[in-house]
Amino acid sequence: MAATTLLWLRRGLRLADNPALVAACERAADASGGGAVIPVYIDSPDEDGDWSAGAASKWWLHHSLAALSKSLKDRGSRLVIRRGRCEEVLRELIDESGADAVYWDRCYEPAAIERDKRIKSALRDDDIEAKSFNLSLLFEPWEVKTKAGDPYKVFTPFWKTCTDRPVPEKTCEAPNPGSMPSPKKWPKSFKLDELKLLPKIDWAKGIREAWTPGEQGAAEAIEQFLDEAIRNYDEDRDRPDVHGTSRLSPHLHFGEIGPRQIWHAVTKRINAGMSQHNRKHAWSYLREVGWREFAYHLIYHFPDTADNPLRPEFKKFPWKKNAKALNAWQKGLTGYPSVDAGMRELWHIGWMHNRVRMIVASFLVKDLLISWQDGAAWFWDTLVDADLASNTLGWQWTAGCGADAAPYFRVFNPTLQGKKFDPDGAYVRKWVPELAKLEDKYIHEPAKAPAEVLKAAGITLGKDYPKPIVDHSEARDKALAALDTIKKSK
Ligand code: FAD
């Protein structure tokens, strides 16, 4: 009997380490009359609710789909692109192609889980085989539990339980050219451009120059990281002035590489005789990948947290609406160089260093008392790696209202953070060029520079670069007073 499988690619936009693809090819090979595999991408922004892809993510998605489509063509296959409600589109495709199975990669966001459950049960009711596969995580969120059988809310024991489990399964190779059986007739497809994922006005020059979306780009990024930066990861990962991290986050978000591939690539190097010193850094790196797992664990078990604080008392936190301050933060015009550098890096290349994400987020929620949800929404639109699980974790961590969060009373001082992690100000000089000529001593606090120093650097404060929009120590006191109000109302 012929067997045609729709391979519904969602956020596993790759051919290697893709068990759904392997299973679809095996199913076709096992069928007596010869089967077929039809790779499909469905654009369905309406089904993601408030969390449909932001502008920077759409840019990435366009290029990732282009790369995937080319890889499939190189193997004699195609990517069928459709638009509409997923269930309806799958039904149409089943009618058009005679497919009797749909395989897909698992997503863990609340809206996706609801939709996928509905689709799985409706397809099975109609005798269509519906199967989902893990392409995205080392460990399924429901497999990792405390001794009491509960989900974890603290990272360290979570990661210990994960690493005590059997190592993640081996990865599988991308299929060879010619091994992806095509249908006799391909269903019709949108052209990628018709999805209109690219911006109408081209603001993406900086993003284009910084990134290579797609599976090949991800493979090159990890190789480069393993050859170079992993050697000093644990120290350099906090330094925004150094290229010390893997920059794999957008590739991971779109599933161009999976954490299993990272795990095995890193442990292969460890087992191939890495020095004791380098091993330490390699395990630190895997631990960071563990934070991503933790983020997915949390969003799966606490689906409400994309919009609401995990700690309910924070629902009463007296956040302020302050459009002017929010705008200054978004544009990188707060008068605090480490904050402004981060926000401008984000605007230019759609990504920001993790240490700086913490600094800018803390500044928003503590110095400006603007809600973490407002910050998360801006990140959502501007990050190429915008990811509901990791963004929620990052913002709730900073705001002190999430799992294993930094306590709210611990307020980052943006000037000291800058001095510590960008000691010569190279990061600030790169992204805030109007400060480039300022002496090292004042690079993180231009407002304290004597008039002649500012003059020598060609800076008039308030004209070339803003004066600080808040006084940090006063803002800190206000933040702690705001915290007291929720403590009292508990
Ligand atoms: P590396 O240091 O090379 O780490 C490797 C991988 O581990 C990353 O690619 C990422 O997948 C994972 N990882 C590392 N640190 C974290 C972390 N703290 N939390 C979760 N996963 C982590 N990450 C996103 O992928 N998408 C987001 O939308 C996002 N929003 C954030 C918002 C805030 C306020 C904060 C503080 C952090 C956020 N992060 C987010 C986490 C982190 O900043 C990025 O994953 C990291 O900067 C990506 O750079 P990298 O790939 O070079 O990281």
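Quantities reported herein were computed from a predicted structural model and do not represent experimental measurements.
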Where A23 and F133 come nearest, the two heavy atoms and their spacing:
CB-CZ, 3.6 Å

Is the backbone N or O of E143 less than 3.5 Å from a side-chain atom of R165, with the two atoms forming a donor-acceptor pair by type?
yes

State whether K205 and E209 are salt-bridged, where the test is any N-O pair (Lys NZ or Arg NE/NH1/NH2 against Asp/Glu carboxylate O) under 4.0 Å.
yes

Kindly say whether L15 contributes a backbone atom to a donor-acceptor pair with the side chain of E215 at under 3.5 angstrom?
yes

Close side-chain approach of L346 to M343, heavy-atom, < 4.5 Å
yes

Between S57 and F254, is there a side-chain heavy-atom distance shorter than 4.5 Å?
yes

May I have the step-by-step check of side chain to side chain contact (heavy atoms under 4.5 Å, CB included) for V365 and I370, ending in yes or no?
CA-CA 5 Å; V365 297; I370 293 176; over 6 Å; no

Tell me, please, whether F412 has K366 positioned over its six-membered ring: NZ or CZ under 6.0 Å from the ring centre and within 45 degrees of its axis?
no

Heavy-atom count around R410 CZ within 6.0 Å, excluding the residue itself: above 12?
no

Any heavy-atom pair between the side chains of R78 and S69 that's under 4.5 Å?
no

Please confirm whether the backbone N or O of D307 pairs with a side-chain atom of Q373, one donor and one acceptor, at under 3.5 Å?
yes

Is it the case that more than 12 heavy atoms not belonging to H348 sit under 6.0 Å from its NE2 atom?
no

Is R85 salt-bridged to E87, cutoff N-O under 4.0 Å?
no

Answer yes or no: is there a side-chain heavy-atom contact under 4.5 Å between W51 and E109?
no

Does NZ in K120 sit with more than 12 non-hydrogen atoms of other residues, nucleotides or ligands closer than 6.0 Å?
yes

Check: D340 side chain, G335 main-chain N or O, donor-acceptor pair, under 3.5 Å
yes

Could you check W397 against M358 for side chain to side chain contact (heavy atoms under 4.5 Å, CB included), going step by step and ending with a plain yes or no?
CA-CA 9 Å; W397 183 91; M358 294 194 279; 3.5 Å; yes

Measure the spacing between OG of S121 and CZ of R124 and express it to the nearest 0.5 Å.
8.5 Å

Check: Y152 and P157 side chains under 4.5 Å, non-hydrogen atoms:
yes

When you check the gap from the basic side-chain N to the acidic O, do E140 and R106 get nearer than 4.0 Å?
yes

Assess whether side chain to side chain contact (heavy atoms under 4.5 Å, CB included) is satisfied between K73 and S77, documenting all intermediate values.
CA-CA 5 Å; K73 254 193 202 145; S77 182; over 6 Å; no

For the pair W329 and F379, name the ring-plane relationship: parallel under 30°, tilted 30 to 60°, perpendicular over 60°.
parallel

Do R239's NZ or CZ and the ring of F421 fall within the cation-pi criteria of under 6.0 Å and 45°?
no

Sub-4.5 Å side-chain heavy-atom contact between I38 and T4
yes

Any donor-acceptor N/O pair, N18 side chain to R14 backbone, under 3.5 Å
yes

I'd like to know if the side chain of S97 reaches the main chain of A99, judged simply by a donor and an acceptor atom lying under 3.5 Å from each other, with no hydrogens or angles considered.
yes

At their closest point, which heavy atom of C162 faces which heavy atom of F139, and how far apart are they?
O-CZ, 3.3 Å

Looking only at atom types and distance, does a side-chain atom of H243 sit under 3.5 Å from a main-chain N or O of A229, one as donor and one as acceptor?
no

Please determine whether a side-chain nitrogen of the Lys or Arg among D100 and R27 lies less than 4.0 Å from a carboxylate oxygen of the Asp or Glu.
yes

Angle class for the W291/F294 ring planes (parallel below 30°, perpendicular above 60°, tilted otherwise)?
perpendicular

Any side-chain heavy-atom pair from L123 and I94 closer than 4.5 angstrom?
yes

Minimal heavy-atom distance between P168 and L138, with the atoms involved, is CG-CD2, 3.5 Å

Any side-chain to backbone donor/acceptor pair from T146 onto D150? Under 3.5 Å, distance only.
yes

Test: R355 and D422 ion pair at under 4.0 Å
no

Determine, using ring centers only, whether W8 and Y103 are less than 6.0 Å apart.
no

Does a salt bridge link E129 with K131, judged by any charged N lying under 4.0 Å from a carboxylate O?
yes

When you measure from the side chain of T245 to the backbone N and O of R237, does any donor-acceptor pair fall under 3.5 Å?
no

Does E169 CD have over 12 foreign heavy atoms under 6.0 Å away?
no

Minimum heavy-atom distance Y427-G342, with the two atoms named
OH-CA, 3.3 Å

Backbone of G217 reached by a side-chain donor or acceptor of W211 within 3.5 Å
no

Residues K117, I113; criterion side chain to side chain contact (heavy atoms under 4.5 Å, CB included); working and verdict
CA-CA 6 Å; K117 267 191 198 157; I113 291 178; 4.1 Å; yes

Minimum side-chain heavy-atom gap I81-V40 below 4.5 Å
no

Mind checking whether F317 and Y408 have parallel, tilted or perpendicular rings, split at 30° and 60°?
tilted

Donor-acceptor contacts, no H, no angles, side chain residues 384-394, under 3.5 Å, sequence neighbours left out:
from, atom 1, to, atom 2, distance (Å)
D385, OD1, R357, NH1, 3.3
D385, OD2, S249, OG, 2.7
D385, OD2, R357, NH1, 3.4
D385, OD2, R357, NH2, 2.8
D387, OD1, Y296, OH, 3.2
D387, OD1, A389, N, 3.2
D387, OD1, S390, N, 3.0
D387, OD2, H253, ND1, 2.7
D387, OD2, Y296, OH, 2.6
N391, OD1, W395, NE1, 3.3
N391, ND2, A376, O, 3.2
T392, OG1, L388, O, 2.5

Find the distance between CG (D43) and NZ (K58) and round it off to the nearest 0.5 Å.
8.5 Å

Evaluate the ring planes of F158 and H297, with Trp represented by its six-membered ring, and classify them as parallel (under 30°), tilted (30 to 60°) or perpendicular (over 60°).
tilted

One thing to verify: whether R10 and D116 come together as a salt bridge, which I'm taking to mean a side-chain N less than 4.0 angstrom from a carboxylate O.
yes

W347 atom CH2, neighbour heavy-atom count above 12 within 6.0 Å:
no

Let me know which of K185, R91, R82 forms a salt bridge (Lys or Arg N to Asp or Glu O under 4.0 Å) with E96.
R82

